[in-house]
Amino acid sequence: MKAEKGRKTSDGKKEEAGIAGPVQIQTFVFFDLETTGLDHPRQITEISLAAVRRDQLLTGTEVPLGGASLPRVMDKLTACVRPRRDIHPKAAEITNLTNQSLRNHRVFDEDLVKSMVHLLNRQEGPVCLVAHNGEKFDFPILREELTESETVDFFPQNVLCADTMVVIKDLYAGQFKSFSLPKIHEKLFGEAPPPEVAHTAEGDVITMIKIVKKLGAEEILQWMDKNAAAFAI
Ligand code: DCM
Ligand code: MG
Ligand code: MG
């Protein structure tokens, strides 16, 4: 988080200006949305959250999975959502979520938001939502759905957010020609995520975690400690 410069510590000494404050994010909640498409209003068709402790990203028990390693200890929530507008055919094609298949599902409502909040409340703080292209896509869409459904007051005010696309552009720009999630995965693991994984919210969340571990979690997590912003509206 951006440092509060010159803040006084409990013994009255001034902290050194310019050095990031004592914030060390303890839980990273990888997060992805599937939506009705790229045209506005963009509405959620699926949401996935996977909360992972810092130490699990750095040294956690590793289970081999497709040549990568994943933390064994994760708290996850994935849910489909019926949007209040039509799903664009292109979005339906890549996500395999259709107007027809979601027709009897619940909309983005208080019960879903409370499920998310309960998952977030169980994590050790500071907590940071992490999404790929989150600044331009997932974070504003979630904020809009919270506002529209009048559930924004339930959402914890102290949650942070960070965008892995921004982090990777900042730290590893030279390594990649494209910064899309499938292209980064392809470069690092020799193949794109399979179609049954790509553009599913949970599949994209898992891909993000694999990428962070593979590129170097230590450096990426420290970047987020320094640069994460407040999620609250
Ligand atoms: N999307 C789209 N067309 C694309 C890429 C994405 O309409 N070529 C929309 C639909 C997806 C959403 O963006 O549900 C999120 O993309 P992603 O699966 O990459 O998270
Ligand atoms: Mg996404
Ligand atoms: Mg996705």
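As the structure lists them, so they are numbered: ligands from 1, and atoms in each ligand from 1.
Because the distance cut-off is set at 2.8 Å, E34 fails to qualify as a neighbour of the Mg ion (ligand 2), as none of its N, O or S atoms comes that close. Coordination check, E46 versus the Mg ion (ligand 3): failed, since every N/O/S atom of the residue sits at 2.8 Å or beyond.
Open room surrounds CD on E150; 12 or fewer heavy atoms of other groups in view lie less than 6.0 Å from it. Summarising the local packing, CG of D170 is surrounded by more than 12 heavy atoms from other residues, nucleotides or ligands at distances under 6.0 Å. For R122, the CZ atom counts as loosely surrounded, since its 6.0 Å shell holds 12 or fewer non-hydrogen atoms of other residues, nucleotides or ligands.
The aromatic rings of F31 and F139 sit parallel to each other, their planes meeting at less than 30°, with 60° as the upper class boundary.
For the pair K183 and F176, the cation does not sit on the ring face, since its NZ or CZ is not both under 6.0 Å from the ring centre and inside 45° of the axis. Taking the ring axis of F137 as reference, the NZ or CZ atom of R42 does not stay both within 45° of it and closer than 6.0 Å to the ring centre.
Between the side chains of T95 and H199, no donor N or O sits under 3.5 Å from an acceptor N or O. Remark: the Q43 side chain and the T36 side chain contain no N/O donor-acceptor pair separated by less than 3.5 Å.
Of all N/O/S atoms in D204, OD2 sits nearest the Mg ion (ligand 3). Looking at D32 and the Mg ion (ligand 3) together, the shortest N, O or S contact belongs to OD2.
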Between the protein and ligand 1, are there any N or O atom pairs that come within less than 3.5 Å of each other, and if so, what are their names and distances?
residue  : atom   : partner : partner atom : Å
ligand 1 : 14 (O) : E34     : OE1          : 2.6
ligand 1 : 14 (O) : T35     : N            : 2.9
ligand 1 : 18 (O) : E34     : OE1          : 2.8
ligand 1 : 18 (O) : E34     : OE2          : 3.2
ligand 1 : 18 (O) : H199    : ND1          : 2.6
ligand 1 : 18 (O) : D204    : OD2          : 3.1
ligand 1 : 19 (O) : H199    : ND1          : 3.3
ligand 1 : 20 (O) : D32     : OD1          : 3.1
ligand 1 : 20 (O) : D32     : OD2          : 3.3
ligand 1 : 20 (O) : D204    : OD2          : 3.3

